Protein chains: 2
Amino acid sequence: MTGDGTQRFGVLTEMSGFLLSLAQAHVYRLDEALDTLEGLTTAQLSVLTVIHENPGIRHGEVAEMLMIKLAYMTKLLKGFEASGWVERRSDPADRRAIHLSLTPAGQGVVERTLPVLLAHDAARPNGLTPREMGQMKRLLAKYLELPVTEQP
Amino acid sequence: MTGDGTQRFGVLTEMSGFLLSLAQAHVYRLDEALDTLEGLTTAQLSVLTVIHENPGIRHGEVAEMLMIKLAYMTKLLKGFEASGWVERRSDPADRRAIHLSLTPAGQGVVERTLPVLLAHDAARPNGLTPREMGQMKRLLAKYLELPVTEQP
DNA sequence: TATTGTTATACTCTATAACTATA
DNA sequence: TATAGTTATAGAGTATAACAATA
């Protein structure tokens, strides 16, 4: 690389969409080195975590929370079911709806891998101080209008 | 949707990687409604903008700045060349290297579409006050260790 | 030997639309 | 008629690796 470090992003650095996209690419690139998640992608682990946190949640609710297409959720869940991690049962009151929950095996996967990802996330290199990182996470959660987690 | 709004993200909201990923999905979803970019994706417009800001920049340098795979850059640039937007010329001093610049047509595209995306970005709905948005953008740029833009 | 860029393949995820079955 | 989920197809973008040309 012969770059002299003077490249300009121009007005791109004023655009939240661009910055978020690049930050996501940065995270994604570093997370690809993470080989300790038992073959799961971070997206897959997010789905399992949401089911873990909300046993009985509906198929479509998970998709909405994580902004995943319903069509792709079907594919993901099919894989999880084949792995024996997720159970689906239809709602007797509305037989279109499907409620999801983790099997003991699925809970085991989440309980083993989530702490690994959490530690990795906390240690991922970036240009912020710990205080600034806390600030950024709060702003991102507010940006997304996420429900406040009241964790003791 | 029968959700009662009590779904929990659990520890996911503590993870910068998850928050960035979800924020990016949020942006992406809303940007898909943007049909005024002359058929460009935001990623493609980013590439054109970087070439616009750095005439003569090398192929690989653009890829590194935008965290795009070199192999995919080749594909993108082939399309841009076919559209008559980008010119490639090889470096006489290092005949492996390829320097990029916009044609007048390419400059026209950037000058028409970039302001549209900029306005769209500024108006994109989110949970932050304008002051918080400024803060978030500053933190994201620092997170990414982007060169400071000294725009007058 | 290392670097720049090209080509090809497989994979993840998205967009879209047609479809079934319920409500 | 509208909603929950399924299936299939096309496309964007990534990872990977083999390759050619040049340094």
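Below, chain A is the first sequence line, B the second, and so on; all start at residue 1. Note that the structure is a prediction, hence the values are computed from the model and not measured.
- Sorted pairs that involve residues 97-110 of chain A and meet salt bridge (charged side-chain N to carboxylate O under 4.0 Å, His left out), not counting sequence neighbours, are lacking altogether.
- A/Arg96 meets the salt bridge (charged side-chain N to carboxylate O under 4.0 Å, His left out) test with A/Asp94; sequence neighbours excluded.
- Listed by first and then second residue, the salt bridge (charged side-chain N to carboxylate O under 4.0 Å, His left out) pairs involving residues 114-128 of chain B are B/Asp31-B/Arg124, B/Asp121-B/Arg124 (not counting sequence neighbours).
- Judged as a side chain to side chain donor-acceptor pair (under 3.5 Å), and not counting sequence neighbours, B/Gln135 has no contacts.
- Under the side chain to side chain donor-acceptor pair (under 3.5 Å) criterion, A/Arg112 pairs with A/Glu38, sequence neighbours left out.
- In this structure, A/Glu61 atom CD and D/dA4 atom P are separated by 9 Å, rounded to whole Å.
- Summarising the geometry, the separation between CE on B/Met73 and P on D/dT14 is reported as 11 Å, rounded to the nearest angstrom.
- Closest of all the heavy-atom pairs between B/Leu37 and B/Thr42 is CD1-CG2, 4.3 Å.
- Remark: P of D/dA4 and CZ of A/Arg89 are 17 Å apart, rounded to the nearest angstrom.
- The side-chain contact (heavy atoms from CB on, under 4.5 Å) search around B/Ala71 returns none, not counting sequence neighbours.
- For B/Thr103, the side-chain contact (heavy atoms from CB on, under 4.5 Å) partners are B/Glu87, B/Ala105, not counting sequence neighbours.
- A/Ile98 comes within contact range of the sugar-phosphate backbone alone, with a heavy-atom separation under 4.0 Å but no base atom that close.
- Remark: B/Thr41 engages B/Ala43, B/Gln44 in a side-chain contact (heavy atoms from CB on, under 4.5 Å) (not counting sequence neighbours).
- Sorted by first and then second residue, the pairs that involve residues 75-85 of chain A and meet salt bridge (charged side-chain N to carboxylate O under 4.0 Å, His left out), not counting sequence neighbours, are A/Glu81-A/Arg88.
- Where B/Leu66 and A/His59 each meet DNA chain D at their nearest nucleotide, the meeting point lying more 5' is that of A/His59.
- In this structure, B/Leu70 places its CG atom 18 Å from P of C/dA2, rounding to the nearest Å.
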Q) Just by protein heavy atoms under 4.0 Å, how would nucleotides 15-23 of chain D read 5' to 3' in B, S and -? A) SB----BBS

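- A/Tyr72 has a side-chain polar atom (N or O) that falls below the 4.0 Å cut-off from OP1 or OP2 of C/dC13.
- Rounding to whole angstrom units, CG of residue A/Leu40 and P of C/dT12 are separated by 12 Å.
- Proximity of residues 74-83 of chain A to DNA chain D (heavy atom under 4.0 angstrom from any strand atom) is restricted to A/Thr74, A/Lys78.
- Below 30°, between 30° and 60°, or above 60°: for A/Phe80 and A/Trp85 the angle between ring planes is between 30° and 60°, a tilted geometry.
- Heavy-atom distances under 4.0 Å link DNA chain C to A/Thr41, A/Ala43 of residues 41-50 of chain A, given in residue order.
- The phosphate of C/dT4 has neither OP1 nor OP2 within less than 4.0 Å of any side-chain N or O from B/Arg88.
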